[in-house]
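All values reported here derive from a predicted model rather than from experimental measurement.
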Amino acid sequence: MSQKWINRELAGIIPLDALGNGKRTLLKGWIKTWPDGSKCLDVMKYVEMEDGKQSLFQPIQHIQIPIEIADSFIDMFKEATA
């Protein structure tokens, strides 16, 4: 049985590319906390529609990076969002 994270905080958003028809892809970085207290950076790909609504890119694309080695990746998300 997989664990469910207990908290998640948005680290930032990196715009990627336009898909046409007003759609674009984004990477969202989430800092997730697990029940045992460990944390990771979860990077997920999203599609943003012309009206601004967002949904997960299909098929789902994401990677989890242990927080101990995620500092430079978190910095990229913060810089892109600033």
Checklist entry - Quick one: does T81's side chain have a donor or acceptor within less than 3.5 Å of a partner on I13's backbone? => result yes
Next on the checklist: Would you compute the distance between atom CD1 of I60 and atom OH of Y46 and round it to the nearest 0.5 angstrom?
Outcome noted: 9.0 Å
Checklist entry - Quick check: does any side chain N or O of S38 sit under 3.5 Å from a backbone N or O of W34, one acting as donor and the other as acceptor? => result no
Checklist entry - Which atom pair, heavy atoms only, marks the closest approach of A70 to I65? => result CB-CG2, 3.9 Å
Checklist entry - What do the steps show when you test M44 against W30 for side-chain contact (heavy atoms from CB on, under 4.5 Å), and what is the final call? => result CA-CA 8 Å; M44 302 181 80; W30 300 94; 4.2 Å; yes
Checklist entry - Is the closest side-chain heavy-atom distance between D42 and K32 below 4.5 Å? => result yes
Item to check | Close side-chain approach of L26 and L16, heavy atoms under 4.5 Å | outcome: no
Checklist entry - More than 12 non-hydrogen atoms from neighbouring residues, nucleotides or ligands closer than 6.0 Å to CG on N21, yes or no? => result no
Item to check | Rounded distance [0.5 Å steps], NZ in K45 versus CD1 in I63 | outcome: 13.5 Å
Next on the checklist: Enumerate the salt bridge (Lys or Arg N to Asp or Glu O under 4.0 Å) contacts for residues 48-59, please, sequence neighbours excluded, ordered by first and then second residue.
Outcome noted: R24-E48
Checklist entry - Taking ILVMFWY side chains as joined if any heavy atoms are under 4.5 angstrom apart, and letting links pass through other members, which residues group with L19? => result V47, M49, F57
Checklist entry - So do the side chains of V43 and K28 get within less than 4.5 Å of each other, counting heavy atoms only? => result no
Checklist entry - Residues in side chain to side chain donor-acceptor pair (under 3.5 Å) with R8, at least two apart? => result none
